[in-house]
Amino acid sequence: MYFDSWQAALVMDGHGGFVWAAYAITTLGVVWMLVYPAWSRRRALRQLAVAVRREQARADSAQGVR
Amino acid sequence: MTATPVATPLLTATDVTIERGGRGLVSGLSLQVMPGEIWQVEGVNGSGKTSLLRVLSGLSRYGYDGQVERAVPLLYLGHRSAVKPLLSPLENLRLHPGGEGDHTDSDIERALAAVGLAGFEDNLAGTLSAGQQRRINLARLYLSPCPLWILDEPFTAIDREGVLALEQRFAQHAQAGGAIVCTSHQPLNVQASVSRLSLDRERAA
Amino acid sequence: MNTLPTVAFMRRLLRRQLLLALRSPVDVANPLIFFGMVIVLFPIGLGPDPVILARFAPGILWIVALLSSLLTSDALFRSDFDDGSLEQLLLSPQPLYLSVLSYVLAHWLITGLLLALMAPLFAIMLGLAVQAIAPLVASLALGTAVLSLVGCIGASLTVSLRRGGMLIALLVLPLYVPVLIFGSAAVQAAVDGFSVLPYLAILAAMLSLGIALAPFAIAAGLRIGIDA
Amino acid sequence: MWSFFHKLGSPPWLYSIAGTILRWLLPITLVVLVAGAVWGLLYTPPDFRQGNSYRIMYIHVPTAVVALAGYYVMAIAGAISLIWRMKMADVAMRAAAPIGAMLTFLALVTGAIWGKPTWGTWWEWDARITSMLVLFFLYLGVMVLYDAYDNKEAAGRACAVLSLVGTVNIPIIYKSVDWWYSLHQPASIKFTGESTIDSSMLYPLLLMIVAFYALYTCCLLMNMRTELLRREARTGWVRRLIVEEGKG
């Protein structure tokens, strides 16, 4: 490792704040880019499941009524 | 225009399927419009008459499956009358974006007289009534050389004499070898064979 | 079947647009009044000091001209779309690619060229160096033609949308950036006494690229808009 | 080959193939991302001029590069959907827009943070950053236009046209902004145009660029799967999928 201690790696001769801040924000962005599609796909599946169940209920009730 | 020996269809639509907002309006419709024919498209409101006409006229090129070919130039009169309120009827027809040939002023005046707008040639279209503005659009039926007409409810806001005059014009156009596809809520009484295409039966079948 | 030759049809469309504009002079005057009014805001905002105003004059004049041109591009097709004339245009046998050019030319004549001819008045108000006034008019005349072309693309993509006005600004302003860069640089060069020709040449190059390519996008946008 | 191209058009096949690709591509991407970041952050020497602040380059340059490439991917997908009317290309374009916008945003933020130690200001109108900002507005324009249309098919076509117009303009915008920057700013530190970059710094950068391309592909595939589900909600294969997911 270039830095001789974790402490030095954090400080980075004074530039550490900027560097780590940039990496933190980018990590947040990357996490959001990965999590959002997976989460929205699962949400879409759940919504469709509810819609299918409701359709089923409507069809059954129509049969029941006749 | 004498009928050509083997009558080539002016408009052929094969297997046209239109869907709007998930509802299947027209499915698998095939249609051949031969010279001299008048087709009346019937159907309840929202049955897709206008959508079908827009597809047949080539106005909407996406949003449908199937093939539509037009062998001849087309005159399309839609719901909206394509009349600029700031121009006079004469100017509206002389500078029309429809792209037909230049009409002489006398032709235009004769057409305007035929639709009952004699004397209104120079007032601004904005000062005329809605019915009169539609008549400016209908005057194109007397001007346009296009053999194929697609008319979307041409009779709305037109009084009884106007309708009679238009029906005569339709008959005259059909006899001259032209073809008309139109939608209208009242049956057409025209001295020509009128083929009916009902969109309700289409969907029910 | 006497369909009109294309050039005659373009001339007819141009005459029609210009006649419509003459019939409603307020619509023609609006961008000029807007141009004047916004120019007045700058001394109020930046202070009346002629040195500061003169230094920013090239940029101010060009930015305000750009915004005036943007302001009017929404109405380019909207009235024809609302009353059905646009449908007739799309059904006309002449190529749509050339017909839209007459719309663009009409828009440029009505807004762009008038702005360029009015600009010297506002340039003097902002204390622009006298030798930069002619280059200002030249760069504005050339630049607003490119602005009209690009604005027309934005107008065609938003023609069927109810609230297209603000949306056009977002679509089109990023594409205005190169025109603004070379337009204001031309005036700045004239102020500093350098030759203006290279900048005008680049603006002309953008114009020819626009004339060649923009009508494809405009025609596609109209066909999509009509069918939406 | 032609059958592949045809199959690409069938949603269920694309949905499942995207799933299998993701199963192995996603972990690899994460590993490469972390490795590249750690390598660039901790194991490379500082730049003699800028000191350690240059380490932001390992995320600024890749995000900028992939964001720009992403715009072209979106435009090409739009062109395919416009010209050959392939619904899947429209799905791809729709999925590509938000990812590109996010990457451009990250490039702008990291560029701004990098500017502070280098120029002492949070926002420096450097040529590269300014062009990136214009690209960000181009992305926003496409997304806002898509949202403005009610008929979503027309929206896809309109966005395809807009993104094609955008691709024609991007080189012009970049060149004119570069020229504009050199006109107003004597050549100070050329931001990302490091003329000769030391190999010890170059390799981690290339690795990070590859990592971000892989990340882009993963996100694109994931977004496409969601978009497919929404568009094909009423079809049989989605119904079967719901039943399986319900049991699984």
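Lettering follows sequence order; numbering is per chain, from 1.
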To the nearest 0.5 Å, atom CG of C:Leu157 lies from atom CZ of D:Arg157 at 12.5 Å
The test is side chain to side chain contact (heavy atoms under 4.5 Å, CB included); show your working for C:Arg162 and D:Asp150 and say whether it passes.
CA-CA 11 Å; C:Arg162 286 165 314 288; D:Asp150 307 331; 3.6 Å; yes
Passes side chain to side chain contact (heavy atoms under 4.5 Å, CB included), D:Phe137 versus C:Leu173? Steps please.
CA-CA 9 Å; D:Phe137 283 118; C:Leu173 278 177; over 6 Å; no
Is it the case that atom CE in C:Met37 sees more than 12 heavy atoms from other parts of the structure closer than 6.0 Å?
yes
Centroid separation under 6.0 Å, is that true for the rings of D:Trp180 and C:Phe182?
no
Okay, D:Val168 and chain C: the region with an atom under 4.5 Å from a heavy atom over there is side chain
Would you mind reporting whether D:Val142 and C:Leu171 have side-chain heavy atoms less than 4.5 Å apart?
no
Give a yes or no on whether C:Phe34 atom CZ has more than 12 heavy-atom contacts from other residues, nucleotides or ligands under 6.0 Å away.
yes
Minimum heavy-atom distance C:Ala185-D:Leu183, with the two atoms named
CB-CD2, 4.3 Å
Kindly indicate whether the side chain of C:Leu161, heavy atoms from C-beta on, has any atom under 4.5 Å from the side chain of D:Tyr149.
yes
Within 6.0 Å of CZ in C:Phe194, more than 12 heavy atoms from elsewhere
no
Distance-minimising heavy-atom pair for D:Ile173 and C:Pro178:
CG1-CG, 3.7 Å
Are C:Leu175 and D:Leu138 side-chain neighbours, meaning at least one heavy-atom pair lies under 4.5 Å?
yes
For D:Val165 and C:Ala217, work out which heavy atoms get closest and say how close.
CG2-CB, 3.5 Å
Quick one: what part of C:Ile202 sits under 4.5 Å from any heavy atom of chain D, side chain, backbone, both or neither?
neither
Out of C:Val150, C:Ile224, C:Asp227, return the one with the most heavy atom pairs under 4.5 angstrom to chain D.
C:Ile224
Please report the C-alpha distance between D:Ile172 and C:Leu209 in whole Å, then the side-chain angles of each, then the deciding distance to 0.1 Å, and finally whether the side chain to side chain contact (heavy atoms under 4.5 Å, CB included) criterion is met.
CA-CA 11 Å; D:Ile172 302 171; C:Leu209 183 73; 3.4 Å; yes
Shortest non-hydrogen contact from C:Leu167 toward D:Ala148:
CD2-CB, 3.7 Å
Does CZ belonging to C:Arg55 count more than 12 external heavy atoms closer than 6.0 Å?
no
